[in-house]
Q: 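Input: one structure, supplied below.
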Number of protein chains: 2
Amino acid sequence: METVTENQEVTMTKKLEKMFGHLDYKNPPELCPVRDVMSVASDQWSILILLWLGYFPVLRFNKLKKYVYGISNKVLSQRLKVLEADGYISRKAYAEVPIRVEYSLTDFGKNYVKRLLSLAEWMQENSPKVLANREKYGLV
Amino acid sequence: METVTENQEVTMTKKLEKMFGHLDYKNPPELCPVRDVMSVASDQWSILILLWLGYFPVLRFNKLKKYVYGISNKVLSQRLKVLEADGYISRKAYAEVPIRVEYSLTDFGKNYVKRLLSLAEWMQENSPKVLANREKYGLV
DNA sequence: CCGGATCCCAGGGGATACTG
DNA sequence: CAGTATCCCCTGGGATCCGG
């Protein structure tokens, strides 16, 4: 088990101090855009979409739907729109018959996926631990 | 604008390849616990709860409710339960009158918050960019 | 045949009141 | 004080349909 040292804890607190100027509860939500931005980028479907787009440079709508297992047309379409609006992905439509639409990460999106990836890796390594905990806790 | 180099992109793909054995769409959901575990830990309320608990070593229910601005009793209570079950936080109840309950991060939770923090910092730095993008895109 | 818009419903979540 | 219980609403999301 990787433990957190005193030093790391101090560093962590400093970082948190720095950001909590923005996350401060005394600020009305409109002064705290981080929450808003983060809620889009940390949405469970968005994460999967972004990770798959990090793996395949270009994906079409129905391929994405296949990979992001269980997502519905509506949700996929809506998430893609928001992710495009926020600058993570770009959408390219070709006027063919039948129409072809290609989605890919922007440079900005790639930067984000790098971070996301670090989180996802940690999740992967630790999910057995979490599941064991959950079992032991007995929450159904 | 921080750009992604070729090298970084190759590294990223390798990492993704490594994890996509688990995230593979051909696996039924029950063989892919990462998604499940991640959906808890990346929930927008859970993130805020964990970050605040990273800042204050110990917080009581009503303090948390104050800091995690806008959360309802029901959701806070439910998220705390799940986060405890998954091993991120611990709950300590004191048999006083009135009752006192203290929440804090476990070592496991601290490790996770470190990762979360890196993501949150990136969000903070880049949220202006995202908001500008959103505006330009004209999505209401 | 592909991308996405529409319809419609269950249930997640907000507000409030209440109890150990 | 720390939650739970109740009510009700509203939106997230699944199934279905449609335009190009």
Side-chain angles (χ1 to χ4, degrees), chain A residues 25 28-30 35-36 38-49 52-53 56 58-86 89-104 137-140, chain B residues 25 28-29 35-36 38-49 52-53 56-86 89-104 137-140:
Chain A
Y25 76 96
E30 60 270 24
R35 271 174 61 160
D36 185 35
M38 197 147 72
S39 76
V40 168
S42 74
D43 167 80
Q44 56 165 334
W45 291 122
S46 300
I47 288 176
L48 291 172
I49 293 171
W52 280 108
L53 281 174
F56 296 105
V58 167
L59 280 175
R60 304 177 59 175
F61 190 89
N62 281 314
K63 280 284 182 192
L64 266 170
K65 195 184 166 190
K66 198 166 102 187
Y67 289 125
V68 184
Y69 190 82
I71 197 169
S72 71
N73 284 14
K74 182 183 174 182
V75 173
L76 178 54
S77 158
Q78 191 248 333
R79 294 295 192 280
L80 287 172
K81 240 181 254 175
V82 174
L83 289 175
E84 191 195 358
D86 281 13
I89 67 176
S90 68
R91 177 187 187 277
K92 216 172 200 171
Y94 297 88
E96 305 174 351
V97 178
I99 189 173
R100 178 165 56 104
V101 180
E102 293 183 343
Y103 294 94
S104 55
Y137 192 85
L139 194 72
V140 185
Chain B
Y25 76 96
R35 272 174 62 160
D36 184 36
M38 195 147 75
S39 76
V40 168
S42 75
D43 168 80
Q44 55 165 332
W45 291 122
S46 299
I47 288 176
L48 291 172
I49 293 170
W52 281 108
L53 282 175
F56 296 105
V58 167
L59 280 174
R60 303 175 60 176
F61 190 89
N62 280 315
K63 281 284 182 192
L64 264 171
K65 195 183 169 188
K66 198 167 106 186
Y67 290 125
V68 183
Y69 190 82
I71 198 170
S72 69
N73 283 10
K74 187 176 172 183
V75 173
L76 178 54
S77 158
Q78 191 249 332
R79 293 295 191 279
L80 286 173
K81 241 180 254 173
V82 173
L83 288 174
E84 191 195 358
D86 280 13
I89 66 177
S90 69
R91 177 187 188 277
K92 216 173 201 169
Y94 298 88
E96 305 174 353
V97 179
I99 189 173
R100 179 165 55 105
V101 179
E102 293 182 342
Y103 293 95
S104 56
Y137 192 84
L139 194 72
V140 184

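Numbered from 1 within each chain, the chains take letters A, B, ... in sequence-line order.
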Q: Does the side chain of A:Ser77 get closer than 4.0 angstrom to OP1 or OP2 of C:dG4 through an N or O atom?
A: no
Q: Indicate whether OP1 or OP2 belonging to D:dG3 is found under 4.0 Å from a side-chain N or O atom of B:Arg91.
A: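 Checking D:dG3 against B:Arg91, a side-chain N or O does come within under 4.0 Å of OP1 or OP2.
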Q: Begin with the C-alpha distance, continue with both residues' side-chain angles, and end with the deciding distance and a verdict on side chain to side chain contact (heavy atoms under 4.5 Å, CB included) for A:Tyr137 and B:Asp86.
A: CA-CA 8 Å; A:Tyr137 192 85; B:Asp86 280 13; over 6 Å; no
Q: Counting only side-chain nitrogens and oxygens, does A:Arg79 get under 4.0 Å of the OP1 or OP2 atom of D:dG13?
A: yes
Q: Considering all heavy atoms of both residues, which atom of A:Ser39 and which atom of A:Asp36 are nearest to each other, and what is their separation?
A: OG-O, 2.8 Å
Q: So if I take every side-chain heavy atom of A:Ile99 and compare against C:dG13, D:dG13, C:dC2, which nucleotide ends up nearest?
A: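 So the nucleotide nearest the side chain must be C:dC2.
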Q: Considering just the side-chain nitrogens and oxygens of B:Tyr103, establish if one lies under 4.0 Å of OP1 or OP2 belonging to D:dG3.
A: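 Answer yes for this pair, as a side-chain N or O of B:Tyr103 is under 4.0 Å from OP1 or OP2.
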Q: So B:Tyr94, base contact, sugar-phosphate only, or nothing? Heavy-atom distance under 4.0 Å.
A: nothing
Q: Applying side chain to side chain contact (heavy atoms under 4.5 Å, CB included), run through A:Leu80 and A:Leu64 and close with a yes or a no.
A: CA-CA 10 Å; A:Leu80 287 172; A:Leu64 266 170; 4.0 Å; yes
Q: Counting heavy atoms from C-beta on, name the nucleotide in D:dG14, D:dT16, D:dG3 closest to the side chain of A:Asn73.
A: D:dT16
Q: Quick one: which of D:dA2, D:dG13, C:dG3 gets closest to the side chain of A:Ser72?
A: D:dG13
Q: Does a side-chain N or O of B:Lys74 approach OP1 or OP2 of D:dC7 to a distance below 4.0 Å, or not?
A: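 For D:dC7, OP1/OP2 do not have a side-chain N/O of B:Lys74 under 4.0 Å.
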Q: Could you measure the distance from the CZ atom of A:Arg79 to the CD1 atom of A:Ile47? Nearest 0.5 Å is fine.
A: 11.0 Å
Q: Taking OP1 and OP2 of C:dG3, is either one under 4.0 Å from a side-chain nitrogen or oxygen of A:Lys92?
A: no
Q: Can you tell me if the side-chain N/O atoms of B:Arg60 get under 4.0 Å from OP1 or OP2 in D:dC1?
A: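 Checking B:Arg60 against D:dC1: no side-chain N or O falls below 4.0 Å of OP1 or OP2.
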Q: D:dA2 P sits how many Å from B:Glu84 CD, rounded?
A: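 For the pair B:Glu84 CD and D:dA2 P, the rounded distance is 15 Å.
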Q: Mapping B:Gln78 and A:Val101 to their closest nucleotides on DNA chain C, which lands nearer the 5' end?
A: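 Upstream on the strand: A:Val101.
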Q: So if I take every side-chain heavy atom of A:Pro98 and compare against C:dC1, D:dC7, D:dG13, which nucleotide ends up nearest?
A: C:dC1
